[in-house]
Structures are given as C-alpha cells and as structure tokens.
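As structure tokens, the structure follows; a few thoughts come after it.
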Number of protein chains: 2
Amino acid sequence: MSQQRHGSTPGNAPGDRAGAVTAFPDLPEATIARLPEYLRALHNLGEGGADTVSSEGLAAAAGVNSAKLRKDLSHLGSYGTRGVGYDVALLIEQIEYVLGLDQRRAVCLVGLGNLGHALAGYDGFASRGFKIVALFDADVSKVGEEIQGLTVRHIEDLGRVAVEENIAIGVIATPAGAAQTVADVLVDAGVTSILNFAPCVLSVPANVDVRKVDLAIELQILSFHEHRKASLTALPGGRSATAAGNQEAVGS
Amino acid sequence: MSQQRHGSTPGNAPGDRAGAVTAFPDLPEATIARLPEYLRALHNLGEGGADTVSSEGLAAAAGVNSAKLRKDLSHLGSYGTRGVGYDVALLIEQIEYVLGLDQRRAVCLVGLGNLGHALAGYDGFASRGFKIVALFDADVSKVGEEIQGLTVRHIEDLGRVAVEENIAIGVIATPAGAAQTVADVLVDAGVTSILNFAPCVLSVPANVDVRKVDLAIELQILSFHEHRKASLTALPGGRSATAAGNQEAVGS
DNA sequence: CGCGATTTGTGCACACCTTCACAAGCGCCT
DNA sequence: AGGCGCTTGTGAAGGTGTGCACAAATCGCG
C-alpha cells in the first residue's frame, strides 16, 4: 500500500475518547478495509432488534471468518464480553469513531457525466457518514445545472469553495484525460483524500491518499475467472454444492 | 479469497495458444488483480507510439514497483527481452488472452436506478472487452424504457434471455434488499460471475464468483485515513514533498 | 458458591505477497 | 569477435495476513 506508514504515535488507548487528539495503534490495512463492512452488518443487526452479537453471528453477516473478525476487533481494543458477545450499539460507536464517521465529512464531486450524476444522487453516501457539499465540472454547459439540490459550479471555483466548506475528500468522476488535472486542483485546494473513478493512475503528494475504483477492471478480473472455469469444464465436479463464502470484497 | 482453489490442471505452457482448452498455472490473486491495470497502461503506451517498454516504464505507468511487475509478468511466462524490454503489442495480446478478453463477453445488468443508468451508459465496458447485452428491472414502470439502444426487460425474462445470449457475467445495481433475490435468479440462469454494487453480502454456490464494489465503503476507508492524519497534525513533518506512489488500487 | 456452557482474545504456524539484489541474457558498438 | 551497458527473470529474505486451537473470562443455574 501507500508509503505513508507514519509510525503511529504511541498515545492513548483506544476507547479513551477523552483526549481530542487520539492517535491510533496502527491498524493493519486489511482490518481497516473490513471495518466498514462490519459496521454495515452491525447496523443491519441493530435494526433487526439485536442488542448483542457473537463473533460468529457478526462474521456471517459480514461474510468473513469469525476468527478474523475477532482479531480485527481486538486490534481496536474492542470490548466484547466473553460468554456473551459484542454489544451492538457500543461496537457501532467504536467503529464509527475509529473510522472518523462521528463527524459528518464534507465531500466534493468533480465530473458530472453519467457516473457523476449517479454518484450525486446516491443516498448511500448521506446515510453512511458523508455529505456531498459541492459539485464541479469543467464543461460550462453543465455549470448551473441543479442536481439533488446542489448547483453545479465551474471547476475554477473549487479552490475557494473547498476552503470555505472545509472539504477534505474529493471524488473524481471525469474522463481519464482530465483526471490528473483535477487531482492537481484538488490537492492545491487542500484536499487530502481522493476517490478516483477515472481509469488512470494519479500522481499526488505523499500526504494525499488515493483510492481507485475501476469498473472495467472488476469485470476483467471476473472474466479471468470465467476463462479459467471454462478451461476446467472437462474436469470432474461440475456445478457443485451450495455454499456461501466465495465473496470477493474490493479493497486493498 | 474464494474456496475454489481448484488445483490447476498441469497442462500447456502459457504462450502455447494452440490447444483450445489451455489451463492456467495458478496465478496469484494479487497478480490477477493487477493485470488489468497493466493492460490499460500498455494500451496507453501503444497509442503513444511505443513498440517496447521496460519494466521500469510500464511499472511507472501502472503505478507499481518494477520488481513486482516483472514477477507478475514472469508468472504468465511472459516473453520480455533482456536488455530491451517487453514488446507492447505482444504483451497486450498475452494479457488479454489470460484474462479471457479475446472473446467479447456478454454481460447483463440488473437494476436501472441512478447507478444502473450510469453503468448502462458507461463506454469503458465496451472498449475493454465487454458488451452489455441485456437490461433488467423488477419495476414494471421501467420495463420498456430504452437505454443506449437496449430495451429494459422484466426480470422474469432473465432466465430465458441469459441462456439465449449466453450470459456468464451479471451486474447487480439494485437496492440491497433486492440483491440476494436477483443473485439467486442470476445463478439459476447459469451466470457464474457477479459484480455486486449493492451494499450487502451475497450468498451463492461455490462455483460462482462474486466481486463487490461498495462506494460508501471506499469513502469510509478514506475517512479513516483522514481521521488518522488529523490526529497527527501536531507532529513534525506536515505537508511533505511531492511523490507519486501512494495509490491504493481496489481489488483483493 | 461452584460448575458447566459459551464466547472472546490470542499465540502460533502457515501461506501469501512484496522487495531487494543479482546472475543470466541480449543487443550494440568498436 | 569481444566487451560493455542495459534489462529481464528469480532466489531469498522479510513482512503481512489468515486460521486453527485453546486458555481465559463471563454468565446462568442449581
């Protein structure tokens, strides 16, 4: 993953929410990538009326191995109760805190083509800790358009607005050709996390995190497995028994 | 990852394209997930007029370490030339073959909300080896709508159409509540690879591959890093030098 | 109060992945 | 023909992640 393995400042035990500037024990990246999934599963369980969950139960709901789940939670010093399980509400609170979701984060979206429109209208963001506060596009014919109560602005205004609205996360949904330029503008505007939907590699300063989602790549990976499966059809076995678990979550 | 670690049939060396049913040396999952990125970089380079690339050059274009790139390519028995580099056209052909992209794969898309519409209109699919051949939705008010030259059909027709069109890959872009049902239908229709955009865990037979893309999860991971960075602001360093490389590709 | 059932937290072993460092191979120039 | 510089392919080392299996802890019940 990224080079910024800043050696976590020793400080405060997790669970100690007192000091405003709590530093984290360095969580494994793999764990971090799974926490959001646990969180989603916990919300589901909570809405279903559960007060506590066993690691087994939560693991099933999140589609992972229970040992892995326990180890992940132990990393954040989590408070389960032996013989009982985890308190759903408490665990939600803990994970949201670790992920920094207790403060609703402002996000801006650049590029309002097909995908950009869909993202702007995606209510999953709002319901899971984020708020899209600004939309930008380079195309003047799109500027002024109103989407989901927000007006599309010209990308020139990005710098000013980003500061005003205290935006730390930017989403790039432009064509590949424009993505690097947009990334540069975002970085200049103080954005330190970028979610990139454009099929290209971005180069950014070391203090900026980039995550990339490439829809075609996902399909190509599936295609490989299809190809492999097809080359195995002559073998024994064929369509086999039903079993859950061959889920393949995205994330690094 | 998935349990189907079918012990690869020994057969045919890669590069030996003669036998129609070539089995693969089992490529590491991590390598597979990067191949599409290499492919994209190669296409870019090719369009730029390059005939050959060094591992260093290609690695830079794909945003990875050059040693990793060489090892990845060596896994597929790739033919580079020492002192020269890789033949761009040949390497493209090799990777496309391994990924099974030489045959344009038929994909169906279920769920035509905001995201579904965007996916249906995404030209990145067509240009990278896939063709969306059918659209489905459960909502009768959407059935009949025409999108990108395709007519939305009712999900009841999925089984029949999937067989007719020989669809092996399905994309789920429905709300979470409907996703499992849709997955079941897809599986019954003979689909063996699913790309799931719904925020939920799917349970499917062991021979079916599922990849999940959850937009909110990506943001939550970024949020964690933001949170961590914020808790480090008091430390020495601050905004540091420009450097490429802290890219975080999605994929397992 | 003690015992058994249950479930967490974790030490350990293993598998996978990454990175370094270098030998082997190739082409070019003299 | 020979040597030199460049680049691939890979052995080995270190790191990260996974999963088993079990000890430690807690609850409920007799």
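So you know, we letter chains A, B, ... as the sequences are listed, proteins then strands, and number each from 1.
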Exercise for the section: Using modelled atom types only, decide if a donor and an acceptor are shared between the side chain of B/Glu56 and the backbone of B/Ser66 within a distance under 3.5 Å. Expected result: no
Exercise for the section: Without swapping roles, check the side chain of A/Ser54 against the backbone of A/Gly57 for a donor-acceptor pair under 3.5 Å. Expected result: yes
Give the nucleotide from the list [options] with an atom nearest to the side chain of [X].
X	options	result
B/Arg70	D/dC20, D/dG9, C/dG9	D/dG9
B/Arg34	C/dT18, C/dC17, D/dG19	C/dT18
A/Lys71	C/dC12, D/dG17, C/dT19	C/dC12
A/Ser74	D/dT18, D/dG17, C/dG9	C/dG9
A/Ala67	C/dT18, C/dG9, D/dA21	D/dA21

For [N], does either OP1 or OP2 sit under 4.0 Å from a side-chain N or O belonging to [X]?
X	N	result
B/Asn65	C/dC17	no
B/Ser55	D/dT8	yes
B/Thr81	D/dT8	no
B/Tyr86	D/dG9	yes

Roughly, in whole Å, what's the span from [atom1] in [X] to [atom2] in [N]?
X	N	atom1	atom2	value
B/Leu69	C/dC20	CG	P	14 Å
A/Lys68	C/dA13	NZ	P	21 Å
A/Asp26	D/dG15	CG	P	14 Å
A/Asp87	C/dT7	CG	P	16 Å
A/Leu73	D/dG19	CG	P	15 Å
B/Tyr38	D/dT8	OH	P	13 Å
A/His75	C/dT8	NE2	C1'	15 Å
A/Tyr79	D/dA24	OH	P	21 Å

Exercise for the section: Decide yes or no on side-chain hydrogen bond (donor to acceptor under 3.5 Å, both in side chains) for A/Asp72 and A/Thr31, but give the supporting numbers first. Expected result: CA-CA 6 Å; A/Asp72 282 343; A/Thr31 296; 2.6 Å; yes
Handout entry: Polar pair under 3.5 Å, donor/acceptor by atom type, side chain A/Arg82, base C/dT8
Key = yes
Exercise for the section: Give A/Ser78 one of three labels, base, sugar-phosphate or nothing, depending on what nucleic acid heavy atoms sit under 4.0 Å from its own. Expected result: sugar-phosphate
Exercise for the section: Could you check if a side-chain atom of A/Pro36 sits within less than 4.5 angstrom of a side-chain atom of B/Phe224, using non-hydrogen atoms only? Expected result: no
Practice task
Please figure out whether B/Ser54 or A/Asp72 has its closest DNA chain D nucleotide nearer the 5' end.
Solution key: B/Ser54
Completion exercise
Closest to the 5' end of DNA chain D, once A/Gly83 and A/Thr31 are matched to their nearest nucleotides, is A/Thr31
Fill in the blank from the handout: Output for pair (A/Thr192 OG1, A/Ile169 CD1), nearest 0.5 Å, gives 7.5 Å
Exercise for the section: Please determine, by modelled atom types, if B/Arg40 and B/His43 share a side-chain donor-acceptor pair under 3.5 angstrom. Expected result: no
